[in-house]
Amino acid sequence: MADARTDQAADVRFPLKGRRVWVAGHRGMVGAALVRRLASEACQLLTVDRRGADLTRQLEVEAWCEANRPDVVIIAAAKVGGILANDTYPAQFLYDNLMIEANVIQAARRVGVKRLLFLGSSCIYPRFAPQPIPEQALMTGPLEPTNEAYAIAKIAGIKLAQAYRREYGLDYISAMPTNLFGPGDNYDLQSSHVMPALIRKAHEAKRQGNAAITIWGTGSPKREFLHVDDCADALIHILKVYSEAEHINVGSGEDCTIFELTRLVCDVVGFKGAIVTDVTKPDGVARKLMSGDKLKALGWRPKLSLRDGIADAYAAFLAEHGADGGT
Ligand code: GFB
């Protein structure tokens, strides 16, 4: 979606016009949203799929960068998943994410990329961080155990960007999005995040006439959600105006309990049955609402309300999977 407003709201210090912009991870939910958003910028978009360059393989990434010479790089490539996937596959989450970020950042430096945006996640913050969480809370306490491996990899990415900035004088920055959802999400109930899981569960229960849906944990943890198109818009805004060593939070500024979220999703989907909790599944961190003060000061605000965002995600789910939900 085009956003003339962002260009007017703040001075564009880093115009994208005419630049060769590589979105690493363009097939993922965030990467695909960035590709949609960049269509309204006069830049040249570069993408590569896994056959063209496996980002966990250093030589393949270096060869691709040498052949394609990007000016700007956005690292949206990552191994991601919900609470159970994170908790079950810590080696994969740590190794894959470390390799991807190290390979892309080093290859970018080798071919002279001066501007790079690394994407992390709100799980980088300590489990008992003050709420809303300011950027300065990084590394002030122990991490949430269910996603420690992923968080450590993402913290390493922030530190890499800062180190390359300091040692090589490169304008590498990092942004930390909150829990995202929207078109292109993963709806596999074992590995997905909560939002796509709830959309699928409510849809299937409605279709099958079930009396209830089951959610994981107690339903009391609070989470902040942002539609991926709003996230992509914020990231392009950041890329145009932000240049500091410290990472920047990207969120909606509001959170709700998982129970409240479930009610809202059921309402949007049209499922009127009961909500049952499965407390054998983990809750994860009790709350992780990020402070959005820094992003607000750059003149950016989200456009979609949570309800409108869920309605858009549900429409995308139906379009991607059919009314039978692919089941
Ligand atoms: O979205 P989610 O998997 O990840 O879970 P996290 C959020 C909350 O929703 C947890 C609850 O309290 C879950 O127990 N929940 C309820 C469910 N029902 C379900 C369900 O059917 N599926 C899922 N997945 N959750 C991840 C991290 O944490 O968030 C990652 O593990 C990353 O590292 C990502 O930061 C954004 O918010 O707990």
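We count ligands from 1, going down the list as the structure has it; atoms in each ligand are counted the same way. Remember, predicted model here, so these are calculated numbers, not experimental data. Residue numbers start at 1 and run along the sequence shown.
The NZ atom of K288 sits 8.0 Å away from the CD atom of E144 when rounded to the nearest 0.5 Å.
No single ILVMFWY cluster, assembled from side-chain heavy atoms under 4.5 Å apart, contains both I248 and L116.
Every protein residue with a heavy atom nearer than 4.0 Å to ligand 1 is included here: G81, G82, I83, N86, S121, C123, N147, Y150, N179, S192, H193, V194, A197, K201, I215, W216, P221, R223, I258, P282, D283, K288.
Annotation: F14, atom CZ; neighbour count of heavy atoms from other residues, nucleotides and ligands within 6.0 Å is above 12. Heavy-atom contacts from other residues, nucleotides or ligands closer than 6.0 Å to CZ of R50 number 12 or fewer.
Listed by first then second residue, pairs satisfying side-chain hydrogen bond (donor to acceptor under 3.5 Å, both in side chains) with a partner in residues 181-190 read N186-S191, D188-S191, not counting sequence neighbours.
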task = Tell me, with the steps shown, if K79 and Y89 meet side-chain hydrogen bond (donor to acceptor under 3.5 Å, both in side chains).
result = CA-CA 10 Å; K79 178 166 183 68; Y89 307 110; over 6 Å; no
